[in-house]
Amino acid sequence: QVQLVESGGGSAQAGGSLRLSCSASGYTAYMAWFRQAPETEREGVAALAGDKTSAYADSVKGRFTISKDISKNTLYLQMNSLKLEDTGMYYCAGTKWWSGPLSLEEHRFNYWGQGTQVTVSS
């Protein structure tokens, strides 16, 4: 069974940076980051197939970068130029199987971490 554990969350000022990590026990070829702000629905942030093909939400394109260290089976999310609206609980997700174009469809991911809080202030 796959377990995912996020780390690296915390507080940052607008315009600053944070790097999130997701350590996976058991390999998942397709991984993603989702986030949820208070009183909002969870939304996809970025997804990665293997360590090559990526997909991003429009709101984070050009600011966030998703990557993976294949040898360590660890997923990363580099968050630059942080905005207040980036605040939320960030979740790592994964799945072993995929068909069709990579996307941020929440139901496609069957393994989930516990989340790590990101708070951006002015």
Side-chain angles (χ1 to χ4, degrees):
Q1 188 63 248
V2 173
Q3 290 186 314
L4 306 175
V5 180
E6 304 96 333
S7 62
S11 299
Q13 293 192 130
S17 298
L18 286 172
R19 192 190 196 199
L20 306 183
S21 298
C22 173
S23 178
S25 62
Y27 184 69
T28 53
Y30 305 92
M31 303 188 75
W33 291 96
F34 291 79
R35 68 186 181 188
Q36 186 171 22
E39 301 182 6
T40 67
E41 294 185 358
R42 187 160 54 194
E43 63 176 348
V45 177
L48 185 67
D51 66 346
K52 184 177 180 179
T53 303
S54 60
Y56 294 91
D58 288 342
S59 60
V60 306
K61 286 181 180 178
R63 300 189 299 119
F64 291 9
T65 302
I66 188 171
S67 62
K68 179 190 281 186
D69 184 331
I70 293 293
S71 66
K72 300 182 182 297
N73 200 27
T74 299
L75 184 74
Y76 303 97
L77 184 67
Q78 179 66 47
M79 305 185 293
N80 296 328
S81 302
L82 285 164
K83 301 177 179 180
L84 294 178
E85 52 263 43
D86 294 321
T87 293
M89 185 71 72
Y90 282 69
Y91 299 90
C92 175
T95 186
K96 295 182 178 180
W97 305 101
W98 197 274
S99 62
L102 184 66
S103 69
L104 290 166
E105 299 172 70
E106 182 177 342
H107 75 275
R108 300 287 297 272
F109 296 90
N110 59 325
Y111 302 107
W112 292 84
Q114 82 290 343
T116 185
Q117 178 68 36
V118 171
T119 302
V120 183
S121 62
S122 61

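Treat the numbers as computed from the prediction; the structure is a model and nothing was measured.
Under the 4.5 Å side-chain contact rule for hydrophobic residues, Leu4 and Trp33 share a cluster. Linking Ile, Leu, Val, Met, Phe, Trp and Tyr whenever their side-chain heavy atoms come within less than 4.5 Å puts Val60 and Tyr90 in one cluster. One hydrophobic cluster holds both Leu84 and Val45 under the rule that ILVMFWY side chains link at heavy-atom gaps under 4.5 Å.
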Sequence neighbours left out, cut at 3.5 Å: what donor-acceptor pairs do the side chains of residues 92-99 make with other protein atoms?
from: Thr95; atom 1: OG1; to: Asn110; atom 2: OD1; distance (Å): 3.1
from: Trp98; atom 1: NE1; to: Gly100; atom 2: O; distance (Å): 3.3
from: Trp98; atom 1: NE1; to: Pro101; atom 2: O; distance (Å): 3.1

Result block: side-chain N/O donor-acceptor pairs under 3.5 angstrom for residues 8-30, not counting sequence neighbours:
from: Ser17; atom 1: OG; to: Asn80; atom 2: OD1; distance (Å): 2.8
from: Ser25; atom 1: OG; to: Gln3; atom 2: N; distance (Å): 3.3
from: Ser25; atom 1: OG; to: Gln3; atom 2: O; distance (Å): 3.4

Which pairs of donor and acceptor atoms, one on a side chain in residues 48-56, lie under 3.5 Å apart (sequence neighbours left out)?
from: Tyr56; atom 1: OH; to: Ile66; atom 2: N; distance (Å): 2.9

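Applying the side-chain contact (heavy atoms from CB on, under 4.5 Å) test to Thr40 and every residue at least two apart in sequence or in another chain returns Gln36, Ala37. Taking the ring-ring contact (aromatic ring centres under 6.0 Å, His included) definition, one finds that Phe34 meets it with Phe109, Trp112, sequence neighbours left out. Remark: Ser103 pairs with Glu105 by the side-chain hydrogen bond (donor to acceptor under 3.5 Å, both in side chains) rule, at least two apart or across chains. Looking at residues two or more places apart in sequence or on another chain, you find a side-chain hydrogen bond (donor to acceptor under 3.5 Å, both in side chains) between Asp86 and Arg35, Arg63. For the salt bridge (Lys or Arg N to Asp or Glu O under 4.0 Å) test, residues two or more places apart in sequence or in another chain that qualify with Lys61 are Asp58.
For the salt bridge (Lys or Arg N to Asp or Glu O under 4.0 Å) condition, no pair includes a residue of residues 1-16, sequence neighbours left out.
In terms of heavy-atom proximity, Tyr91 sits nearest to Arg42 at CD1-CD, 4.0 Å.
Crowding of Glu85 atom CD: a count of heavy atoms from other residues, nucleotides or ligands under 6.0 Å exceeding 12.
Using a 4.5 Å heavy-atom threshold, the side chains of Tyr111 and Met31 count as separate.
In the hydrophobic clustering (ILVMFWY side chains linked at under 4.5 Å, chained through shared members), Val5 stands by itself.
Interatomic distance, OG of Ser121 versus CG of Leu82, reported as 10.0 Å (0.5 Å rounding). In this structure, OG1 in Thr65 is found 11.0 Å from CE in Met79, a value given to the nearest 0.5 Å.
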